Structures are given as structure tokens and as C-alpha cells.
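Residue numbers count from 1 along this sequence. Just so you know, these numbers use all the heavy atoms, side chains as well, and skip hydrogens, waters and symmetry mates. Being a predicted model, the structure only gives us computed values, none of them experimental.
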Amino acid sequence: MQMFFQNECAEIYYDDVLDTLFLKYLNKVQNTEKFIEINSQLLEAFRQLDTQKFVADIRKMGIISIESQNWVVENLIPGMFRHLNGRPLFHAQLIDPSEVMSKVSGSNIKSRAKKEDEGFVVHQFTAENELTDYLNSL
């Protein structure tokens, strides 16, 4: 496992066994600036790797602003696509169904990103073993 970034809100690491870059929220993100800082670090880490797989563990993220959601759809996802240069992006979210606000934010990003690229699918999982099975199947 290779750690790329860590602060009080999130950690970004690469799991070489699953060949996947993970963004794991540890606590609620306080503001848009922190959110963009974390996700800018994520994009930088993704550009350093050859993986096509990315997981956002948003179980503890809380609700994020519309501005933050816009940043993901307008900057993060397109930046990942540019790095992949035509190869598909496999994106999954690990969600907690009891954390309604995280789920709403994640689902909003999921639907808006799909509008940006019709072939792009974000898979959502509530169980880590199902997520692992999915990643291993790719």
C-alpha cells in the first residue's frame, strides 16, 4: 500500500493488490476549500499511477456543497479521463445507507458525471466485500 495524502478529513492511498486508488474520508469535510484540496491531491496521485480504478469511500464524508460537487464533475472526473487517454475509468463509491447526506452527495455526483460522459458508470456499494469482488473482477 502506498500513501499519497493524509489529513484529519481524508487519506488517499494506492492498493497494489487491487490496483486501485482509494480516497477514504475519515471525517466530515469542513468546507469547499478543504474538499478541493483533498480532491486535487487525489487527481495528482491518479496521474502518477497506471491504474484505471478509483474508489471513493464516502461513508464519513457528510454532505458536500454544490460548489464541491461541481468541482468533481468539472475538474476531477475530466482530469482522470484525460490521464487515461481513451481507456475506461472504473469508479466505485463505498456508501453507508444510514448516512443519508453522504449518499445524496455521492448519488448527485454519480448522476451528473454520467451526463458528462454517457459511457461512464459509477458503481455504489454498501459492503466492502462486494466492492472487493467488483474490483477483482476488472
Exercise. Given Phe54 and Phe90, is the ring-ring contact (aromatic ring centres under 6.0 Å, His included) satisfied, shown in steps?
Worked result: CA-CA 6 Å; Phe54 161 57; Phe90 302 104; over 10 Å; no

Problem set entry | Worked verdict on Gln48 versus Phe4 for side chain to side chain contact (heavy atoms under 4.5 Å, CB included) | CA-CA 10 Å; Gln48 293 177 41; Phe4 282 93; 3.5 Å; yes

For this session: Check step by step if side chain to side chain contact (heavy atoms under 4.5 Å, CB included) holds for Leu23 and Asn39.
Result: CA-CA 8 Å; Leu23 166 57; Asn39 283 275; 3.6 Å; yes

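- If you chain together hydrophobic residues whose side chains sit under 4.5 Å apart, Phe5 and Phe22 never meet in one group.
- Side-chain heavy atoms closer than 4.5 Å link hydrophobic residues (I, L, V, M, F, W, Y) into clusters, and following such links, possibly through other members, connects Leu18 to Met1.
- Using a 4.5 Å heavy-atom cutoff, the side chains of Met3 and Glu11 are in contact.
- At least one side-chain heavy atom of Lys53 sits under 4.5 Å from a side-chain heavy atom of Asp19.
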For this session: Let me see the working for Met80 and Leu42 under side chain to side chain contact (heavy atoms under 4.5 Å, CB included), right down to the final yes or no.
Result: CA-CA 10 Å; Met80 289 178 152; Leu42 172 70; 4.2 Å; yes

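- Atom CG of Leu84 and atom CG of Asp50 lie 8.5 Å apart (nearest 0.5 Å).
- Atom-to-atom distance recorded for Gln6:CD and Lys24:NZ is 10.5 Å, nearest 0.5 angstrom.
- We find the CG-CG distance between Leu135 and Asp15 to be 8.5 Å, quoted to the nearest 0.5 Å.
- When all heavy atoms of Thr126 and Leu94 are compared, the closest pair comes out as C-CD1, 4.1 Å.
- Minimum interatomic distance between His83 and Leu49 (heavy atoms only, all atoms of both residues): NE2-O, 2.9 Å.
- Residues Pro78 and Arg82 meet the side-chain proximity criterion, which asks for heavy atoms closer than 4.5 Å.
- Ile38 and Ile36 fall within a single hydrophobic cluster, where Ile, Leu, Val, Met, Phe, Trp and Tyr side chains are chained together by heavy-atom contacts under 4.5 Å.
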Exercise. Is there a side chain to side chain contact (heavy atoms under 4.5 Å, CB included) between Phe35 and Tyr25 once you walk through the steps?
Worked result: CA-CA 10 Å; Phe35 181 86; Tyr25 286 96; 3.2 Å; yes

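- The main-chain N or O of Gln124 is never found under 3.5 Å from a side-chain atom of Gln93 such that the two would form a donor-acceptor pair.
- Both Val55 and Leu138 belong to a single network of hydrophobic side chains, linked directly or stepwise wherever heavy atoms of I, L, V, M, F, W or Y lie under 4.5 Å apart.
- Heavy atoms only, all atoms of each residue included: Ile12 and Ala45 are closest at CG2-CB, 4.1 Å.
- Atom CH2 of Trp71 sits about 5.5 Å away from atom CG of Leu76, to the nearest 0.5 Å.
- The minimum heavy-atom distance linking Leu26 with Lys60 is given by the pair O-CD, 3.4 Å.
- Atom CD of Glu67 has 12 or fewer heavy atoms from other residues, nucleotides or ligands within 6.0 Å.
- A salt bridge links Lys34 to Glu8: one of the charged nitrogens lies within less than 4.0 Å of a carboxylate oxygen.
- Rounding to the nearest 0.5 Å places CD1 of Ile64 at 8.0 Å from CD1 of Ile58.
- Across Gly79 and Leu43, no two heavy atoms sit closer than the pair C-CD1, 3.7 Å.
- Separating the OG atom in Ser68 from the CE atom in Met61 is a distance of 9.0 Å, to the nearest 0.5 Å.
- When every heavy atom of Cys9 is checked against every heavy atom of Gln30, the shortest pair comes out as SG-OE1, 3.0 Å.
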